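Chain letters run A, B, ... following the sequence lines, proteins first and then strands; every chain starts at 1. Source: prediction; values computed, not measured.
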Amino acid sequence: MTIDSDSDGDESPTHYFDALSSERRKKREILSEQGIDPYPSRFDRTATAEELHARHGGLEADVRTGETVRMAGRLTSIRGHGRLSFATLNDVTGSVQLLMQEANLSEQAGAVLAAFDLGDWVGAEGEAITSRREELSVDVKELWLLSKALRPLPDKWHGLTETDTRYRQREVDLLANPESRRVFDIRFRAIAAMRRHMVSEEFIEVETPILQPQAGGALARPFFTHSNALDIDLSLRIAPELYLKRLVVGGYERVFEIARNFRNEGVSTRHSPEFTALEAYRAFGDVTEGMELSEQLVVKAAESAVGRMTFAVGERAIDLTPPWPRRQLLDLLEAAVGHRLHPTDPVEDVRAVCRDRGLDILPEWGSGKLIFELYDALLLPTITDPLFVCGFPVEVSPLARHTSSDPTMADRFELCIDGKEFANGYSELNIPEEQEERFDAMTVAAAKGDLEAHPADLAFVRALEYGLPPTSGIGLGVDRLIMLLAEVEAIRDVILFPMMRPEPTD
RNA sequence: GCGCCUCUAGCUCAACGGCAGAGCAACGGACUCUUAAUCCGCAGGUUCCGGGUUCAAAUCCCGGGGGGCGCACCA
């Protein structure tokens, strides 16, 4: 019987059959014939690479520690010298060298060594020693195959570079490219740090629906799906905002969610249809607390994930050292266009400014929306270091409290870093009638064809009627923060499995 | 959605109208201190897919697909 005849993979679209894979199957078969299970059920290790280096780092050459260790990991390099072989074993904490002298190996270890391929998961037992080149190594006596890699690893020097494959087969990217591991380690540390900070500030982490009868909390086009049980169409959430505020109504004074949001919009290096936001709501605070919390979160994430405050993305240098300046949007815009604009200005006047700047505008937009567009086009791209832009038109802020002295402006900020919006926050609108009026205005816009108009959410208005305390709310773009901390330019580099077209089936 | 670029061995890349190649990985062999090990040997291809031009196409042209970048929308 040939080794490959028991494989059903020949015609599978994801299986390529070639000599490489065949050789690996053959080696697996040879071990089985020798009574060695190529897929043992478990392995008990006594040390990770990190622990071993912590215990025995910095020794001179040719030292024997007397400590026997059992280690496990993936084999990423083999350097054979006849009856002596070196190998590199990688585990989640790092790597350690295996030193395998034929004379020291058990019979089983010899058989396992003979059947090794790069990429195999192996277990090794032996004394921790240093080699003649001072490298901490395990002088192996016993070896186990823990799982066979039937497919060869990508080029050991160049790694996997094709971006398409890196995203589609992230597992291969992660095992082959240390840089990819570095980026995601930053992600996990940064998120953990932000979660710790939220908990230390006595926020409660909650989970709110992703499947919603009506997606709200942001101005965006949703994805749609269908419930067979209820026979209703549902939207995937575009923001958790409305549900989180309902929890504040319910008495949870500080809540947050690290929420996956879904927006059926363009894909670019800065936009993913599926992205992660941290949203937080704190009772009794206003927009000021939101700015403070945003600043603390970003700083904690940077400290904990990378331990510094300066970053270089492409040609741009960014300094996160707090405190960050706060500027009024209308002041910044006045400096940029030469005269003061306001949402109460005649719409023709603001349109003229937009046209002078070459902006594409829609006829149904009011002065407030046009002012926001000017900010987006003229101000945002020029901002590199963190800046809080404060005070946005109510027209583009349907869920924010209006400024006490000006009903057309909202107590809202955007945190801008590196030409992008990183966070958005405001004093929450908690007056039910006003919220209902804002929704009505949005309904009119939707009727005119605005696909991103915020739909009226009467369950939310009803919640407000039970009383939402004064509340400070923020939303922070987690993926963009990770891009900055990891100094990468593509959002898909910080998302483990970014949305992709299905693999071609040929 | 529009424009530009790209797709060749498992991986990284050459060849750019004239025999499809190298390095790594694999396979066979030598080697007890390597770490991109070294050395000798051997093997590996639907050049993304389909059509066209040509004596001859990986190469030029047309169409399709995947990916990247830029623009536009959004966070």
Over all atoms of both residues, closest heavy-atom pair of A:A49 and A:D91: N-OD2, 2.8 Å

Which whole number of Å gives the distance between the C1' atom of B:C31 and that of B:G44? 26 Å

Please report the distance separating the C1' of B:G41 from the corresponding atom of B:C49, rounded so that it comes out in whole Å. 37 Å

Counting heavy atoms from C-beta on, name the nucleotide in B:C69, B:A26, B:A75 closest to the side chain of A:T269. B:C69

Tell me whether the count of non-hydrogen atoms from other residues, nucleotides or ligands lying under 6.0 Å of CZ in A:R221 goes above 12. no

Here's a test of your reading of the structure: between A:F116 and A:S77, which maps to the more 5' nucleotide of RNA chain B? A:F116

Watson-Crick/G-U partner (both atom distances under 3.5 Å) of B:C27: B:G41

Base, sugar-phosphate, or nothing: which does A:R221 touch, judged by heavy atoms less than 4.0 Å apart? nothing

Under 3.5 Å donor-acceptor pairs involving side-chain atoms of residues 378-393 of chain A, not counting sequence neighbours:
residue: A:T382; atom: OG1; partner: A:L379; partner atom: O; Å: 2.6
residue: A:D385; atom: OD1; partner: A:D319; partner atom: N; Å: 2.8

Determine the interatomic distance between C1' on B:G23 and the same-named atom on B:G18; round to the nearest Å. 26 Å

In whole angstrom, what separates A:R79's CZ from B:A25's P? 12 Å

A:W157 atom CH2 is separated from B:A25 atom P, nearest whole Å, by 13 Å

I'd like the C1' distance from B:A9 over to B:C48, given in whole Å. 15 Å

Between B:A57 and B:G51, how far apart are the P atoms? Round to whole Å, please. 14 Å

Atom-to-atom span, CD of A:E274 to P of B:A75 - whole angstrom: 18 Å

Would you indicate what A:N261 reaches in the nucleic acid, counting non-hydrogen atoms under 4.0 angstrom: base, sugar-phosphate, or nothing? nothing

Quiz question: by atom type and distance under 3.5 Å, do the side chains of A:Y426 and A:E428 form a donor-acceptor pair? no

Within less than 4.0 Å of OP1 or OP2 of B:C27, is there a side-chain N or O belonging to A:K26? no

Given that both distances must come in under 3.5 Å, which nucleotide forms a Watson-Crick or G-U wobble pair with B:C33? none

Please determine, for B:A9, whether a Watson-Crick or G-U wobble partner exists with both distances under 3.5 Å, and give it or none. none

A:F275 near the nucleic acid: base, sugar-phosphate alone, or nothing, with a heavy-atom cut-off under 4.0 Å? base

Taking the side chain of A:R168 as its heavy atoms from C-beta onward, which of B:U35, B:A75, B:G66 lies nearest to it? B:G66

Nearest-Å distance for atom pair CG/P, residues A:L150 and B:G10: 16 Å

Find every protein N or O atom lying less than 3.5 Å from an N or O atom of nucleotides 29-33 of chain B, and list the pairs.
residue: B:C31; atom: N3; partner: A:G82; partner atom: N; Å: 3.0
residue: B:C31; atom: N4; partner: A:G82; partner atom: N; Å: 3.3
residue: B:U32; atom: OP1; partner: A:R83; partner atom: NH2; Å: 3.2
residue: B:U32; atom: OP2; partner: A:H81; partner atom: O; Å: 3.3
residue: B:U32; atom: OP2; partner: A:R83; partner atom: N; Å: 3.3
residue: B:U32; atom: O2; partner: A:Q101; partner atom: OE1; Å: 3.2
residue: B:C33; atom: O3'; partner: A:R133; partner atom: NH2; Å: 3.4
residue: B:C33; atom: O2'; partner: A:R133; partner atom: NH1; Å: 3.4
residue: B:C33; atom: O2; partner: A:R132; partner atom: N; Å: 2.9

Partners meeting salt bridge (charged side-chain N to carboxylate O under 4.0 Å, His left out) with A:R355 (sequence neighbours left out): none

Heavy atoms from other residues, nucleotides or ligands near CD of A:E171 exceed 12 (cutoff 6.0 Å): yes

A:E421 meets the salt bridge (charged side-chain N to carboxylate O under 4.0 Å, His left out) criterion, sequence neighbours left out, with none

Could you tell me the Watson-Crick or G-U partner of B:G1, where both distances fall under 3.5 Å? Say none if there is no partner. B:C71

Residue met sooner reading RNA chain B from 5', once A:A490 and A:R270 are mapped to nucleotides: A:A490

Please give the nucleotide sitting opposite B:C60 as a Watson-Crick or G-U wobble pair, both distances under 3.5 Å, or none. B:G52

Between the base of B:G23 and the side chain of A:D155, is there a donor and acceptor pair under 3.5 angstrom? yes

OP1 or OP2 of B:U35 versus the side-chain N and O atoms of A:T88: is any pair under 4.0 Å? no

Between B:A25 (P) and A:L75 (CG): distance, integer Å: 13 Å

Calculate the interatomic distance between A:D173 atom CG and B:G10 atom C1'; express it in whole Å. 17 Å

Nearest-angstrom distance, P atom, B:C33 to B:G10: 35 Å

Would you list the pairs meeting side-chain hydrogen bond (donor to acceptor under 3.5 Å, both in side chains) in which at least one residue belongs to residues 111-129 of chain A, sequence neighbours left out? A:K27-A:D117, A:R64-A:E127, A:R70-A:E125, A:D117-A:K148, A:D120-A:K148

Could you name each residue pair satisfying salt bridge (charged side-chain N to carboxylate O under 4.0 Å, His left out) that touches residues 373-383 of chain A, not counting sequence neighbours? A:K369-A:E373

Closest heavy-atom pair and its distance - A:F262, A:I238: O-CG2, 3.2 Å

Hey, does A:S85 reach any base, or is it just sugar-phosphate, or nothing, if we go heavy atoms under 4.0 Å? nothing

Between B:C7 and B:U59, how far is it from one P atom to the other, in whole Å? 11 Å

Nucleotide B:U38, atom C1' - distance to CD1 of A:I78 in whole Å: 16 Å

For atom CG of A:L153 and atom P of B:A25, their distance in whole Å: 12 Å

Of the candidate nucleotides B:A72, B:A75, B:G70, which contains the atom at the shortest distance from the side chain of A:I491? B:A75

Pairing nucleotide - B:A15, Watson-Crick or G-U, each distance under 3.5 Å: none

Nearest-angstrom distance, C1' atom, B:C61 to B:C16: 15 Å

